[in-house]
Amino acid sequence: MRGSVVGKILEEHIVEGELRPGKEVSIKVDQVLTQDATGTMTWLQFEAIGVPKVQVPLVVSYVDHNTFQADFRNPDDHRFLQTAAAKYGAFFSPPGNGICHQVHLERFAAPGAVLLGSDSHTPTAGGIGALAIGVGGIDAAVAMAGMLYGLKVPEVVRVYLTGKLRRPWVTAMDVILELLRRLTVKGGLGKVLEYAGPGVTTLSVTERATITNMGAELGATTSVFPSDERTKAFLNVQGRGDVWRPLEADPDAQYSDEIYIDLGELEPLVARPHSPDNVAPVREVEGLRVDQVAIGGCTNSSYQTMKAVAAVLKGRKVAPRCSLALNPGSRQVLAMLAREGDLADMISAGARLLEPACGPCIGMMYAPPTAGVSLRSYNRNFRGRCGTPSAEVYLASPLTCAVSALRGVLTDPRKDGTPLSWPEEPESFPVDDGMILPPSDDPESVEVIRGPNIQPVPLGKPLEGTIRGEVLLKLGDDISTDDILPASAHILPFRSNIPEISKFTFSRIDPSFPERAGKVGVGFIVAGDNYGQGSSREHAAIAPMYLGIRAVLAKSFARIHCSNLINWGILPLELVWEEDYEAVRQGDVLELKDVLEGIEEGRVQGVLADGRRLWLRARLTEKERELLKAGGLLAYAKERSA
Ligand code: MIC
Ligand code: SF4
């Protein structure tokens, strides 16, 4: 990694440890972002640690997920977050100002900075040359409290780009879909993707951000682009030219692997249900009837993209029986579209305009009809995430989405025939931070206001020598955190209330899970590869912990969820042998023996009721072992700050 952009940023931030893949290092954090769906927990945890003010140069608390406000719960959370930000020293971006990743890119992200965010798509800021890492809420909270961030040093893979996208019909979304096609949702585990090559300069910062955003779907720790003249130009039009710095890899930089992409060879691609890596050329799936289309979200909603969409829609109509919704990424993008008349073209075409927030992407609204087909320019299409378990969600570029909305069937956008030129990057933006609230000058006088739905954070239990319990659920590969604890409009309002939200644990897979867990007291989950992929929501660890899950046995784990399990005192154990995975059945009684010694040796012994022994690998750093012994990171951080 020496000489790479990632290596350079890490070298500037490392405080303890050795920069070698697999080793743990402690790094300084420059910026933290939180969003509301994970943020209430994060800020409650920050309070529980007991540090009076954030210890990081910049913290921004966004509200963009739970903006539905069907009752008091969402707005109570917003008020809690706003008052907590004012009191503890963070900026506050209220509902309506935009999606955290897009706003952060526009207004706060900086090349060379280390950014942690309590959301898995934090790597969006990698488009500007930041090392931006998605983490669980408690990791964000302890960083805000001033503790260094412990990172397992990833391998750095160079993605070498040549050629030029065949715009307008082939876009940055097709680049990341191509990578998902090649690498799958597990392909980025333990890696950072660093982009390089002559193709880089052909991409604008927001196009780069589309690619780094959806790099999360590869399971990568993060993705990063160099910071160059285009980065400088973007920061200049945002009125933030002063934070620009050049950041490029040395000619002899070292990488663990290399991937080549000729941008000029790419064609429009689509991810079919129910995984972002189930990718095919659009032309192979063409003609599929589409019930609804959604364009925007944090992946594809920059001004240039939305303007191109408006140009496709101009003077035409969305197909009968098809619906089109637009959720631009930020108020800045929306204002720009309004100012330039693009919004009028969109509305005249019959598009439904949603506020700049996550909206349909997290199943907060605009659910498809029963067994409906939804085409979206978003980043995830896990079963049920859209709010309708029987729906089929396809992911494609905003232009594939726009052209398909006009025809009512999935269409290769190259067939559209509109003479369209890709919009130029604007020379200025309507910069307006008027909605963003700075921290209070008089924090003492600020009262943090909590609604009745905001409940205290539970603590994990210290690890015991022997753990005996029942295997409550046996699952396959690629179980996402959306499977473990779904989002959607009726569950999201309980993000600040663990006792309530825990009742929805695995509700789409097995609604009897919480009750069964309650009966047995101590339980285990068994799963295949890539357990816990997707969202960073630590609720997918806290709720199982609250229900008595003490260990998860899986063939492999996704990065953020694995940290979340450890952070909440749940032991992640790897099933080394396929036969062991096959042997365990739901309902089996399992005993983990000599656990405290076992984790030191990296191997824990599991014994099933019939005497069969399981080989379970405990791949834990020294710090992680300490956390588990303390009952998780909150308990550990409380001890340290006391
Ligand atoms: C997502 O895209 O899944 C979310 C909703 O933004 C999550 C965070 C959450 O569950 O609150 C994420 O990506 O981390
Ligand atoms: Fe919001 Fe969707 Fe982006 Fe998650 S992926 S931050 S839900 S827009």
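Throughout, residue positions are numbered sequentially from 1 according to the sequence presented. If you're wondering where the values come from, they're calculated on a predicted model, not measured in any experiment. Numbering of ligands and ligand atoms starts at 1, following listing order.
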Check: Can you list the atoms of ligand 2 that are under 4.0 Å from a heavy atom of D119?
Finding: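 Selected atoms, number and element: 6 (S).
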Item checked: Sub-4.0 Å atoms of ligand 2 with respect to non-hydrogen atoms of H101 ->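 In order of number, 6 (S).
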Can a salt bridge be assigned to the pair [X] and [Y] using a cut-off of 4.0 Å between side-chain N and carboxylate O?
| X | Y | answer |
| --- | --- | --- |
| D77 | R495 | no |
| R73 | D76 | no |
| R383 | D483 | no |

Notebook entry, point to check: Parallel under 30°, tilted from 30 to 60°, perpendicular over 60°: which one fits the rings of F557 and Y531?
Noted result: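 Taking Y531 first and then F557, their aromatic rings stand perpendicular (interplane angle over 60°).
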Just to be sure I read this right, does ligand 2 sit under 4.0 Å from the backbone of [X], its side chain, both, or neither, counting only heavy atoms?
| X | answer |
| --- | --- |
| Q35 | neither |
| N213 | neither |
| R385 | side chain |

Checklist line | R376 side chain to P360 backbone, donor-acceptor under 3.5 Å | finding: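 Judged by distance alone, yes, a pair lies under 3.5 Å.
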Item checked: Check: R352 side chain, S323 main-chain N or O, donor-acceptor pair, under 3.5 Å ->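 Such a contact is absent between R352 side chain and S323 backbone.
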For [X] and [Y], work out which heavy atoms get closest and say how close.
| X | Y | answer |
| --- | --- | --- |
| H539 | I498 | CD2-CD1, 3.9 Å |
| V224 | A130 | CG2-O, 3.5 Å |
| I484 | G532 | CD1-CA, 4.3 Å |

Do you see a donor-acceptor pair shorter than 3.5 Å between the side chains of [X] and [Y]?
| X | Y | answer |
| --- | --- | --- |
| T299 | N213 | yes |
| S536 | D119 | no |
| E500 | Q455 | no |

Next item on the list: Would you please write out the protein residues whose heavy atoms approach any atom of ligand 1 to under 4.0 angstrom, listed by chain and number?
Entry: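 Ligand 1 is contacted, at a heavy-atom distance under 4.0 Å, by Q35, A37, T38, H65, D119, S120, H121, I362, R380, R385, R495, S535, S536, R537.
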Check: Which N, O or S atoms belonging to the protein are less than 2.8 Å from atom 2 (Fe) of ligand 2?
Finding: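 C361 SG, with waters left out.
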